[in-house]
There are 2 protein chains.
Amino acid sequence: MGTALNALKLLDFFSASRPEIGLSQLARLAGANKATVLRHLRSMEDFGLIEQNPMTKFYAIGPAAIRLAALREAANPRLDAARLRMQTAMQEVGESLHLSFLEKDILQTALVVETTKHTVRVSLDPTEVMPINATASGLSMLCYGPPALKSQMNTDQLQGFTKETLTDPDQIRAQIETIRRRGWSNSNGSYELGVHGFAAPIFGIDRVAIGTVAFAMPENRATDNRKPAILIALHTLAKDLTAIFGGQIPDSFPPAFHP
Amino acid sequence: MGTALNALKLLDFFSASRPEIGLSQLARLAGANKATVLRHLRSMEDFGLIEQNPMTKFYAIGPAAIRLAALREAANPRLDAARLRMQTAMQEVGESLHLSFLEKDILQTALVVETTKHTVRVSLDPTEVMPINATASGLSMLCYGPPALKSQMNTDQLQGFTKETLTDPDQIRAQIETIRRRGWSNSNGSYELGVHGFAAPIFGIDRVAIGTVAFAMPENRATDNRKPAILIALHTLAKDLTAIFGGQIPDSFPPAFHP
DNA sequence: TTAACGCGGTTCATTTATTGAACCAACTTT
DNA sequence: AAAGTTGGTTCAATAAATGAACCGCGTTAA
């Protein structure tokens, strides 16, 4: 029961690491008859959800996926869903947070949710670019983003913002190693003195970070006894945002954040 | 025959202007039985391609569309398809072209295809930002992009690059009116002296421009007798790129470009 | 050289899920 | 209060999905 669903379920066998599949292999994967799978594929090909490479005869996701996503995005923008999710995180933790995305090779702020629980808050310009070496978000991106970013760090001159800013590539590489173990990153006055940040990556479909979320708060509120709650909220938040943006969390990513 | 296809075809009734549809209305639109439509919707809802608003009971495109598009994009990036299409346009016309997208409120170059037919060519930095008042692409975007761009033009100071640059908002508004009639825009040395550009918009799903394509050539090759061929190539190119990026051309857009 | 095996795709009798008219119950409009 | 919506259900009739066997082709192994 549910022929259409059976057809759609075939799409789940495609992934970033297995972007195209042959008829027999797909039938094997789905545990279904080749004739059945073929008819389903043909139906979806008619609609454009599936595309067959005429040379290799392999099947892949078709262009209709783009159309539908554009439609979904117009009616239900991912940024709106992200804002909603971030607002509940703000309620839980009580601190401001911001969402950034890697565009070309700079980390652009896309969304800022300010805390309503404190009158003293970190104010963030939504048009600001996050320096990659001076913010928790930037370090997270260096750790989990495209490897090209890291190599680029060597050639570019790193800007210092405060006396805390990391400007030595070797220092940063060491920091990245601890981030890779923990999953989360933090910064303490490295961009603006007195501001503490906690960031986590948001992954794309290929399990490479496409952006980051971060909590930002005055140093005096970043106490050790608040840290566990912040980290728990940050972890589930990063997981949910990754889902909202259609991404996949790599297997190597920690299943929980620990101080 | 093709139940899965019939189910998928329901998705085509959703659009930017009709993002959610009730059961009865969708059955009427599709000319199918309510029971049939309901079962199809439930199948697709299971998969996540459809989402029902629990309050209004209306149906809309679901989050799986985002996932699938991310998959498609990873395996078959739209920029690659765009580059291919632009390369054939370059072969047809023999001139360099570039593709730009509106990001936040600046026009970022995303792709440059240089001509292989001339040794004298306009060289474009792929990281460059297109000034909105000084390039054919910028004017096209002002005309067909988000209305907010136009109102912003009044508050910001417009930069002059050459003696040809338009810096008076009233002048630009007049120019936009002729672009709206023609569909295409051009520039003659307004960014760099001696460079002539022809641009057309690329539309999003909501029929608002999300980017532009433009041919750029030395002034002396922008002759009247080459213009018709350039404009024909530009029109089909803009149409194809709009399709590649999942957009829709507005009904009011000219079906052909005339000098 | 040949046999075995894999592939994508087809065929067709059997079966099973799809279909659609009629029908609810709950609202709105007239 | 009657008539028309709506979303959703039921079930007998039927049309479409299914799967084992098969085909032709190319690759691999004997």
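Given the structure is predicted, the values throughout are model-derived calculations rather than measurements. In what follows, chains are A, B, ... by sequence order, proteins preceding strands, each numbered from 1. All values below were derived from every heavy atom in this structure, side-chain atoms included, with hydrogens, water molecules and symmetry-related copies excluded.
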Table of protein N/O atoms under 3.5 Å from nucleotides 4-14 of chain D N/O atoms:
| residue | atom | partner | partner atom | Å |
| --- | --- | --- | --- | --- |
| dT6(D) | OP1 | Arg28(B) | NH2 | 2.7 |
| dG7(D) | OP1 | Leu23(B) | N | 2.8 |
| dG7(D) | OP2 | Ser24(B) | N | 2.6 |
| dG7(D) | OP2 | Ser24(B) | OG | 2.5 |
| dG7(D) | N7 | Lys34(B) | NZ | 3.3 |
| dG7(D) | O6 | Lys34(B) | NZ | 3.4 |
| dG8(D) | OP1 | Gln52(B) | NE2 | 3.2 |
| dG8(D) | OP2 | Tyr59(B) | OH | 2.6 |
| dG8(D) | N7 | Lys34(B) | NZ | 3.4 |
| dG8(D) | O6 | Lys34(B) | NZ | 2.6 |
| dT9(D) | OP2 | Arg42(B) | NH1 | 3.3 |

Would you mind reading off the distance between [X] atom [atom1] and [N] atom [atom2], rounded to a whole angstrom?
X: Leu5(A); N: dT18(C); atom1: CG; atom2: P; answer: 10 Å
X: Arg39(A); N: dT18(C); atom1: CZ; atom2: P; answer: 11 Å
X: Asn6(A); N: dA17(C); atom1: CG; atom2: P; answer: 10 Å
X: Leu26(B); N: dG20(C); atom1: CG; atom2: P; answer: 14 Å
X: His40(A); N: dG8(C); atom1: NE2; atom2: P; answer: 17 Å
X: Lys9(B); N: dT18(C); atom1: NZ; atom2: P; answer: 17 Å

Worksheet entry | Bend angle of the helix from dT1(C)-dA30(D) to dT30(C)-dA1(D), end axes from five pairs each (to 10°) |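 Nearest ten degrees gives 30° for this helix.
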Worksheet entry | Any Thr36(A) side-chain N or O less than 4.0 Å from OP1/OP2 of dG19(D) | yes
Worksheet entry | Distance below 4.0 Å between Thr3(B) side-chain N/O and dA17(D) OP1 or OP2 |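 Answer is yes, contact under 4.0 Å.
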Please tabulate, for the side chains in residues 19-30 of chain B, all donor-acceptor contacts under 3.5 angstrom to protein atoms that are two or more places apart in sequence or on a different chain.
none

Item to complete: Not counting sequence neighbours, which residues clear side chain to side chain contact (heavy atoms under 4.5 Å, CB included) with Pro228(A)? List them please.
Response: Pro259(A)
Discussion item. Taking side chain to side chain contact (heavy atoms under 4.5 Å, CB included) as the definition, give me every residue that meets it alongside Ala4(A), ordered by chain and number, with sequence neighbours left out.
Written reply: Ala7(B), Ser43(B)
Practice prompt. Is it possible for you to check whether Arg67(B) lies under 6.0 Å from the centre of the six-membered ring of Phe47(B), through NZ or CZ, and within 45° of that ring's axis?
Written response: yes
Discussion item. Filter on salt bridge (Lys or Arg N to Asp or Glu O under 4.0 Å), then keep only pairs touching residues 32-54 of chain A, sequence neighbours left out; what's left?
Written reply: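 Sorted result for residues 32-54 of chain A: Glu51(A)-Arg72(B).
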Practice prompt. If a pair satisfies salt bridge (Lys or Arg N to Asp or Glu O under 4.0 Å) and one of its residues is in residues 89-115 of chain B, list it, with sequence neighbours excluded.
Written response: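 Salt bridge (Lys or Arg N to Asp or Glu O under 4.0 Å) check on residues 89-115 of chain B returns Glu95(B)-Arg221(B), Glu95(B)-Arg226(B), Glu114(B)-Arg121(B).
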Discussion item. Tell me whether Gln52(A) contacts the main-chain N or O of Lys57(A) through its side chain, where contact means a donor paired with an acceptor under 3.5 Å.
Written reply: yes
Worksheet item: Taking only residues two or more places apart in sequence, or in another chain, which ones meet Tyr59(A) in a ring pair (Phe, Tyr, Trp, His ring centres under 6.0 Å)?
Response: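 Checked Tyr59(A) against ring pair (Phe, Tyr, Trp, His ring centres under 6.0 Å); zero matches.
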Compile the donor-acceptor pairs under 3.5 Å between side chains in residues 239-246 of chain A and protein atoms, sequence neighbours left out, one pair per line.
| residue | atom | partner | partner atom | Å |
| --- | --- | --- | --- | --- |
| Asp240(A) | OD2 | Arg85(A) | NE | 2.6 |
| Asp240(A) | OD2 | Arg85(A) | NH2 | 3.2 |
| Thr242(A) | OG1 | Phe203(A) | N | 3.1 |
| Thr242(A) | OG1 | Ala238(A) | O | 2.9 |

